[in-house]
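No experiment lies behind these values; they were computed from the predicted model shown.
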Amino acid sequence: MKRLLPFLVLAVLWAGGAHAQAVTPIPTLDPARYAALPQAVNVRGFPQLGFPSAPISVVVFSAFASPAAADFWRDAFPVLVARARTGEISITFVPLAADSDTIPNGRGAGRAALCAAEQNAFWSYHDQLFTWQLAFGAEAFSPARLIDGINNTAISRAAWDECMLSDRPDAQLLEADATARSIAQSRALTITPPFVTVADAPTLPDAVSLEAAIAFESRRGAATFEAVIEATPEAEATVDPESTEPVVVTLEPLLGISAPPPLIIGLPPGWSYGYDTLVLQDVDAIRNMPVAVYTGPVTGGTGTIVLLWGFPNLIPFSPADGGVQPNLWADGLRLLRLTIVEQGCNIGTDLRREYSIGGLTAVGTQFAAVDCPELADTRGWFAGLQQFNLNFVFYAFAEPISAMDGAAADDLQRILDSVRFVLPPTPTPDPAAPTAAP
C-alpha cells in the first residue's frame, strides 16, 4: 500500500511571534486519481495520460525542482486530469531536469520518475514528488526519500534499479531539453517551467486560462469537423455511417427512438446501419439501452456489428482488478445472452482477452451461438471499453459461421479499427427556459 503524506497545514511565525501567516495546504494524495485513465510513454520517451482518441493534446513542460511547477501541480493540474477523464484532452509531460537554487537533485527526481514510467507508475510518483517539494523544500529529493517512494509504489524495485543504472532516463531528459530548446527558438520564447501548450498553442498555466484554452479548441475542433463533412461528402462517405443507406433494426422490443452513438465508424461499400433504443429486462431492472446495428458483406458471407452503449456497470469497478475496464468483461457477457443471441441457442465463450477498438484497448472474448431455434449458427467476438464516462460494447460476428474461418474476421476488425469517438456536445442552456425556484 502506498504511503500517503498527511494533510499538512503549515504556518510561518513572524519575528517576535506576534503574527502568523497561513501557508496554502498541501493536497492529500489520492490513490485512485488515475484509475481507468490510460497511461503510456510516447516514442520520444515522454509520459502520457489520457485516451489516445482525445481530440486535444496538452503538453506540460515541467521540472520537479521548480517551486512554480509545484504550485501549478497543486492549483491547475487537477483541471487537466478532469478533462482527460472526460476524453477531451490527452496530457504529455516533458520533464526538464533543471535544479533550482532552493531544491537540489531535481535531475535525480526526474530520472526516478522516468524509470517509474517504464512500469506505468509515472503519474502517481509525479504526484508524490511535487507533494514532497511542497512539504520538505530543500530536503524533498534526497536519495533515500526517492527510493522510499518507489518502495511504496506497486512496481518492481529490481526493474526500477536496472533503469536507474542505465542511461535511458538521461537520454529522455536530453530529448526533453532539446525539445524545449527547439520550441523556444522557433517561437522566440523563453521556456521556464511550467510551460503549457494546448493544441500546440502556448497558454498561461493557471486553471482559468487552461479551461478557456481547452474550451476554445473544443469549439474550433467541432466547427472544423462540421466544415470537413459539408465540404467533402464523397471522401467522408468512407468514414461516416450517415453516408450509407439505413437499415431497419430488427431487435425487439424497440422504442422507435433513434439514438446515434457519439462516434464515427468507417463502413465499406454495401454496408448499412440503423439506430434504435432497446427495452431490456436486465438482471436488476427494466432499462432503455441505445443500440446501433451495422451490417454488410464480408469475405465469405455477411458481417454484423451490434453496438450497445450508455449502459451502467452492474459489477463495481475496482482498480485492483487490473486492465483498462475490468467491469466491462462481465457486462459484455451478460448483454451477449440478454440481447445479441437468440434464446435457446447453445452458447460458448472463450477466455477473457484484449481487443482493439479504434486503437484503444478493449476487453472481451470470442463467442459462438449454434443450434438456435430460428437463427443461423454464428461466431464472433465482443469488445467493451469506456469513453467520455460512457460504456460501449461492440459485438462483431458473421454468417455463415464458416466465414469466420476465412478473412471475415479481418474485414470486421478493419471496421472496428476505423472507430473514432466524438465527445458528446454539452447542451446549451435555453435562456428562455423556466428555472427552478431556489
inquiry  = Donor-acceptor check, side chain of E211 to backbone of V79, threshold 3.5 angstrom: yes or no?
reply    = no
ask   = Where do Y34 and H126 land on the ring pair (Phe, Tyr, Trp, His ring centres under 6.0 Å) test, with the steps shown first?
value = CA-CA 12 Å; Y34 304 112; H126 142 282; 7.2 Å; no
ask   = Between S57 (side chain) and I89 (backbone), is there a donor-acceptor pair under 3.5 Å?
value = no
request  = Say whether, by atom type as modelled, one donor and one acceptor occur between the side chain of S418 and the main chain of I265 under 3.5 angstrom.
outcome  = no
query = What closest approach, in Å, do A69 and S62 show between heavy atoms, and which atom pair accounts for it?
reply = CB-OG, 3.2 Å
ask   = Do side-chain atoms of T153 reach the backbone of G149 as a donor and acceptor pair under 3.5 angstrom?
value = yes
request  = Output, in order, the C-alpha distance, side-chain angles, deciding distance and verdict of side-chain contact (heavy atoms from CB on, under 4.5 Å) for V196 and F77.
outcome  = CA-CA 11 Å; V196 183; F77 185 68; over 6 Å; no
message = Classify the ring geometry of W381 against Y355: parallel below 30°, tilted from 30° to 60°, perpendicular beyond 60°.
response = parallel
query = Any donor and acceptor pair, going by atom type alone, linking the side chain of T203 with main-chain N or O of L210 inside 3.5 Å?
reply = no
remark   = When every non-hydrogen atom of Q172 is compared with those of L114, the smallest separation belongs to OE1-CB, 3.4 Å
ask   = Is the backbone of S209 close enough, under 3.5 Å, to the side chain of D206 for a donor and an acceptor to pair up by distance?
value = yes
ask   = Shortest non-hydrogen contact from A292 to Y275?
value = CB-CD2, 3.6 Å
message = With a 4.5 Å cut-off on side-chain heavy atoms, are V422 and L263 touching?
response = no
task = Could you check whether the rings of F122 and F64 sit parallel, tilted or perpendicular, using 30° and 60° as the cut-offs?
result = tilted
Donor-acceptor under 3.5 Å (T86 side chain, R83 main chain) = yes
task = Please round to the nearest 0.5 Å and tell me the distance separating atom CD1 of I103 and atom CD of Q133.
result = 4.5 Å
query = Would L385 and F421 count as a side-chain contact (heavy atoms from CB on, under 4.5 Å) if you check the C-alpha gap in whole Å, the side-chain angles of each, and the deciding distance to 0.1 Å?
reply = CA-CA 11 Å; L385 75 168; F421 293 93; 4.0 Å; yes
ask   = Say you draw a straight line from CZ of F51 to CZ of R85; how long is it, rounded to the nearest 0.5 Å?
value = 7.5 Å
message = Please check: side-chain N/O of T339 versus main-chain N/O of L336, any donor-acceptor pairing under 3.5 Å?
response = no
request  = Can you measure from CG (L96) to CZ (F195) and round to the nearest 0.5 angstrom?
outcome  = 10.5 Å
task = Might you confirm whether atom CD of E139 has over 12 heavy atoms from other residues, nucleotides or ligands at distances under 6.0 Å?
result = no
note = Heavy atoms of P169 and R111 approach each other most closely as CG-NH2, 3.5 Å
ask   = Can any side-chain N or O of W160 pair as donor or acceptor with the backbone N or O of I147 at less than 3.5 Å?
value = no
message = Apply salt bridge (Lys or Arg N to Asp or Glu O under 4.0 Å) to residues R414 and D417 and explain how you reach the verdict.
response = CA-CA 5 Å; R414 276 192 291 272; D417 288 340; over 6 Å; no
Where N391 and F311 come nearest, the two heavy atoms and their spacing = ND2-O, 2.9 Å
message = When you measure from the centre of the six-membered ring of F141, is the NZ or CZ of R145 closer than 6.0 Å and no more than 45° off the axis?
response = no
key: Pairwise side-chain contact, L134 with W73, heavy-atom cut-off 4.5 Å (strictly under)   = yes
request  = Give me the ring orientation class for F392 and F394: parallel if the planes are under 30° apart, tilted from 30 to 60°, perpendicular past 60°.
outcome  = parallel
request  = Could you tell me the separation between the OG1 atom of T349 and the CZ atom of F382, rounded to the nearest 0.5 Å?
outcome  = 7.5 Å
query = Is there a side-chain contact between F397 and F367 (heavy atoms, below 4.5 Å)?
reply = yes
remark   = Scanning both residues in full, the closest heavy-atom pair of L129 with A113 reads CD1-CB, 3.9 Å
key: From I150 atom CD1 to D161 atom CG, the distance as rounded to the nearest 0.5 Å   = 9.0 Å
ask   = Where the side chain of Y125 meets the backbone of L146, is there a donor-acceptor pair that is under 3.5 Å apart?
value = yes
inquiry  = With rounding to the nearest 0.5 angstrom, report the CG to CD1 distance, L416 to I305.
reply    = 4.5 Å
